[in-house]
Protein chains: 2
Amino acid sequence: MDNWDDLRYFQAVAEAGSLNGACKKLGVNHSTVFRRVKGLEEKLGVRLFERRDARYILTGAGEALLGRTGQVASAIDEVDRLIVGGDQALEGTIRITAPDGFAYYYLPPLIAEFGALYPGIEIQLLANSDDLNLSRLEADIALRVTSNPPEHLVGRKLWSMPWNLYGSPQFFSGSIGRFGIKQLASYPLLGPERNLLRLKPMQWLEKHVDKLNISARANTLMGMAALARSGIGLALLPADVAEGLQELGPTERRFESGIWLLTHPDLRSNARVRTFMQFLTERLMP
Amino acid sequence: MDNWDDLRYFQAVAEAGSLNGACKKLGVNHSTVFRRVKGLEEKLGVRLFERRDARYILTGAGEALLGRTGQVASAIDEVDRLIVGGDQALEGTIRITAPDGFAYYYLPPLIAEFGALYPGIEIQLLANSDDLNLSRLEADIALRVTSNPPEHLVGRKLWSMPWNLYGSPQFFSGSIGRFGIKQLASYPLLGPERNLLRLKPMQWLEKHVDKLNISARANTLMGMAALARSGIGLALLPADVAEGLQELGPTERRFESGIWLLTHPDLRSNARVRTFMQFLTERLMP
DNA sequence: ACAGATGTTTGCATTATTGCAAATATGGTT
DNA sequence: AACCATATTTGCAATAATGCAAACATCTGT
C-alpha cells in the first residue's frame with residue numbers, strides 16, 4: 001500500500017454509498033473522489049464497487065477490504081483520541097497484551113468483571129505467543145513475564161511465577177519423589193524450539209539434559225503444555241500454562257519469572273488505562 | 001486525522017531512527033520527509049521527536065503514537081495480504097468476534113489448542129458486549145447468537161443455546177420447583193437495559209413481569225450475570241454466561257438462541273479462515 | 001583537525017493533485 | 001415529458017507536493 005490515504009477515500013465512498021455523499025463528507029471535490037477510487041481499483045487490480053442504479057455498491061472484494069479498513073479507521077480514531085489530550089473519559093478501547101497462559105486462563109474473568117463495572121470501555125485481548133516482542137508496545141498495557149522489563153516502559157512487578165516440571169496425570173501415576181537431574185534423564189522430555197530457547201529455564205534444560213531424551217519440541221509454551229497434556233513427556237513450564245497438568249515436584253534448581261504489568265509513560269495520565277491497571281493490580285497482587 | 005498517509009512517514013522515521021534512513025526506505029526525497037514530519041507535528045501540536053545527536057528520538061508522545069500507528073500498519077499489512085490473492089498461507093492473523101460469554105469461557109481453550117496446531121497463525125479475540133453490530137464485519141469470523149443471521153454473511157448454525165433463570169447458589173438454597181410467571185413475581189429480578197432490550201427473551205421478561213420487581217439492571221449479559229452472582233436477584237440468561245450460577249428450573253416459556261459461525265463470502269477461499277472455521281465447527285458442533 | 005554522515009533550511013523548477021466548469025449519460029420521481 | 005440526483009469524463013487553471021541543489025549546522029569517529 002503506497003498511500004494510506006487512498007483507504008480513507010475508499011471508506012468514505014463505501015460508507016456513504018455514493019460519490020456525492022462521500023465528497024461532501026470528505027470536503028473535497030467531486031472528481032477528486034472519483035479519480036482516487038478509480039486509481040485505487042487500478043492499483044489493486046480489483047473492482048471494489050459495482051456501479052449500479054447510480055449507486056456505489058461494494059463488490060465482494062470491496063466488502064472484505066472494508067472490514068480491514070474498518071480496523072485501520074478505528075486505530076486512527078484512537079490516534080486522534082490519544083492526541084487530543086489527557087483522554088479522561090472512561091470510554092473507548094484498551095488493548096492489553098499478555099502471554100498465552102494469562103490471556104487464556106487468568107485474564108478473561110477479570111476482563112469480564114471489569115467490563116461489568118465499566119460498560120463504556122472495550123477491552124481488546126491480544127494473546128502473545130512469542131513473549132519477547134518488546135521493541136514496540138503495540139498495546140496500551142502489557143502483562144509480561146520477564147526478569148528485566150524494558151526501561152522505556154513503566155509499571156510494577158505483581159508477583160513471581162514459578163516454573164516446574166509437569167506431565168499429564170496419566171503419564172506418571174506412581175510414587176513421585178524429589179527430582180534431580182539424574183532422575184530427570186530417565187524420562188522422555190519436551191524441549192523448546194526457536195525463540196523459546198531465549199528463556200533462561202529453557203537454556204538450563206538444554207544444557208543439563210541429554211538431547212536424546214527430548215522426545216518432542218514446540219516453539220510456544222502453550223504448545224509444550226499441549227504436548228505434555230497428550231502424554232508425550234514431561235515439560236518444564238511456568239505455572240500459568242500448566243492447567244490440567246500435574247506437577248512433578250520441584251527441580252533442584254528452582255526457576256521463577258517476574259510478572260510485570262507495564263505501560264507507556266504517557267499513558268499513565270490516560271484515565272482508562274490508569275483505571276484498568278489499578279483494577280488488575282488489585283486483583284492480581286498476592 | 002486529515003491525511004492518513006502522514007502516519008506512514010512518521011512511522012518510517014520512527015523505525016529508521018533518522019531522516020536519512022526513512023527517506024531511503026520510503027523512496028522519496030530528503031526534504032519531503034522532513035516537511036511531512038514537521039507538518040504533522042504542527043498539525044497535532046505535539047513534539048513527536050527529540051532531535052538529539054543527529055538522531056530522531058521519539059518523545060513520550062511519539063512513543064504512544066507509534067503504538068497506535070503500529071496497529072494501523074499491521075491492519076494495512078493485512079489489507080495488502082488480502083488483496084494479493086487467495087491468501088493460501090497458514091500464517092497471519094485471524095480476527096474472531098464473539099459475545100462476552102463465549103469469548104471468555106468457551107473460546108480461549110480452543111484458541112490455545114489451535115495455536116499449538118498452527119503456530120504461524122495469530123488469533124485476535126474480540127469480545128463483543130453489544131452483540132448487535134452487524135452492519136460491518138470488522139472481524140474475519142463472527143460467532144453470533146441470533147435467530148436470523150444477516151444475509152450477506154455465510155456460515156452455519158452450530159447449536160442452540162438455552163436460556164434459563166439463574167441465581168447465585170446462596171441466593172436460593174431451598175426447594176426449587178418449576179417456575180411459573182406467578183412464582184417468578186415473588187422474587188427480586190434483574191432486568192435488561194438499552195440494547196439488551198432488543199433480545200426476545202428480554203422483551204418477554206419486560207412484558208410479563210411487574211417492573212417493580214426489577215431490583216437492578218445491566219446493559220450487558222455479563223453484567224447481569226455479575227449482578228446475579230453477587231446475589232442481588234434472579235436473571236434470565238443464556239447458558240454461556242451463567243458460569244458459577246445455579247439454574248432455577250425452566251420458565252414456562254423456553255427460549256433458545258441459535259449459535260452461528262459466520263464469515264464473509266470472500267473469506268471462504270482464505271486458507272487460514274477456512275481452517276479455523278473447520279476447526280471450530282468440529283469442536284463446537286454437538 | 002579532519003572527513004563523513006546526518007539534520008535544517010531555503011529557493012526554485014518540476015510534477016502531481018485538486019478544484020472548477022462543462023458536457024454527457026443514467027436512472028428514478030413526479 | 002420534465003426534473004432531479006448522481007455518475008462519468010474531459011480540459012484547463014490553480015494549488016500543493018515533491019525533487020533538486022545548495023548552504024550551513026551538528027555530531028561521530030579517526
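In what follows, every chain begins at residue 1, and chains take the letters A, B, ... in the order their sequences are listed. All values derive from a computational prediction rather than experimental measurement. Hydrogens, waters and symmetry mates play no part in the numbers below; they use all other heavy atoms, side chains included.
Counting heavy atoms of neighbouring residues, nucleotides and ligands inside a 6.0 Å radius, atom CZ of B/R55 does not exceed 12 of them. Environment of CZ in B/R268: sparse, with no more than 12 heavy atoms of neighbouring residues, nucleotides or ligands closer than 6.0 Å. Heavy atoms of other residues, nucleotides or ligands lying less than 6.0 angstrom from CZ of A/R156 number 12 at most.
In summary, A/K157 and A/E256 do not engage in a salt bridge, as defined by a charged side-chain N under 4.0 Å from a carboxylate O. In summary, A/K25 and A/E15 engage in a salt bridge, as defined by a charged side-chain N under 4.0 Å from a carboxylate O.
Atom CG in B/L125 sits 8.5 Å away from atom CD1 in A/I111 (nearest 0.5 Å).
For residues 17-42 of chain A, there are no ring pair (Phe, Tyr, Trp, His ring centres under 6.0 Å) pairs, not counting sequence neighbours. Residue pairs meeting the ring pair (Phe, Tyr, Trp, His ring centres under 6.0 Å) criterion with at least one member in residues 4-24 of chain B, sequence neighbours excluded: B/F10-B/F49.
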>> Counting primed atoms plus P, OP1 and OP2 as sugar-phosphate and everything else as base, spell out the protein contacts along nucleotides 24-30 of chain D at 4.0 Å heavy-atom distance: B, S or - for each nucleotide, 5' to 3'.
In response: ---S---
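In this structure, CG of A/N20 is placed 7 Å from C1' of D/dA5, rounded to the nearest angstrom. Atom CZ in A/R51 sits roughly 19 Å away from atom P in C/dA25 (whole-Å rounding). Distance CZ (B/R55) to P (C/dT8): 13 Å, rounded to an integer number of Å. Rounded to whole angstrom, the span from the OH atom of B/Y56 across to the P atom of C/dG7 amounts to 7 Å. Atom CD in A/E50 sits roughly 15 Å away from atom P in D/dA7 (whole-Å rounding).
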Between N or O atoms, less than 3.5 Å apart, protein on one side and nucleotides 12-21 of chain D on the other: list the pairs.
{"unit_1": "D/dT18", "atom_1": "OP1", "unit_2": "B/R36", "atom_2": "NH2", "d": "3.1"}
{"unit_1": "D/dG19", "atom_1": "OP2", "unit_2": "B/N29", "atom_2": "N", "d": "2.9"}
{"unit_1": "D/dG19", "atom_1": "OP2", "unit_2": "B/T32", "atom_2": "OG1", "d": "2.5"}
{"unit_1": "D/dG19", "atom_1": "N7", "unit_2": "B/R35", "atom_2": "NH2", "d": "3.2"}
{"unit_1": "D/dC20", "atom_1": "N4", "unit_2": "B/S31", "atom_2": "OG", "d": "3.2"}

>> Run A/R68 and B/D140 through salt bridge (Lys or Arg N to Asp or Glu O under 4.0 Å) and show every step you take.
In response: CA-CA 9 Å; A/R68 294 294 177 182; B/D140 302 310; 2.9 Å; yes
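Note that the two end axes of the helix from C/dA1-D/dT30 to C/dT30-D/dA1 enclose an angle of 40°, each drawn from 5 base pairs, rounded to 10 degrees.
Classified by interplanar angle (parallel below 30°, tilted 30° to 60°, perpendicular above 60°), the ring pair A/W159/A/F102 is tilted.
Within 4.0 Å (heavy atoms only), B/F34 reaches at least one base atom of the nucleic acid.
For the pair B/L221 and B/P238, the minimum side-chain heavy-atom distance is below 4.5 Å. Using a 4.5 Å cut-off on side-chain heavy atoms (C-beta onward), A/I76 and A/R8 make no contact.
When every heavy atom of A/N219 is checked against every heavy atom of B/P119, the shortest pair comes out as OD1-CB, 3.6 Å.
Taking every heavy atom of residues 40-47 of chain B and every atom of DNA chain C, no pair lies under 4.0 Å.
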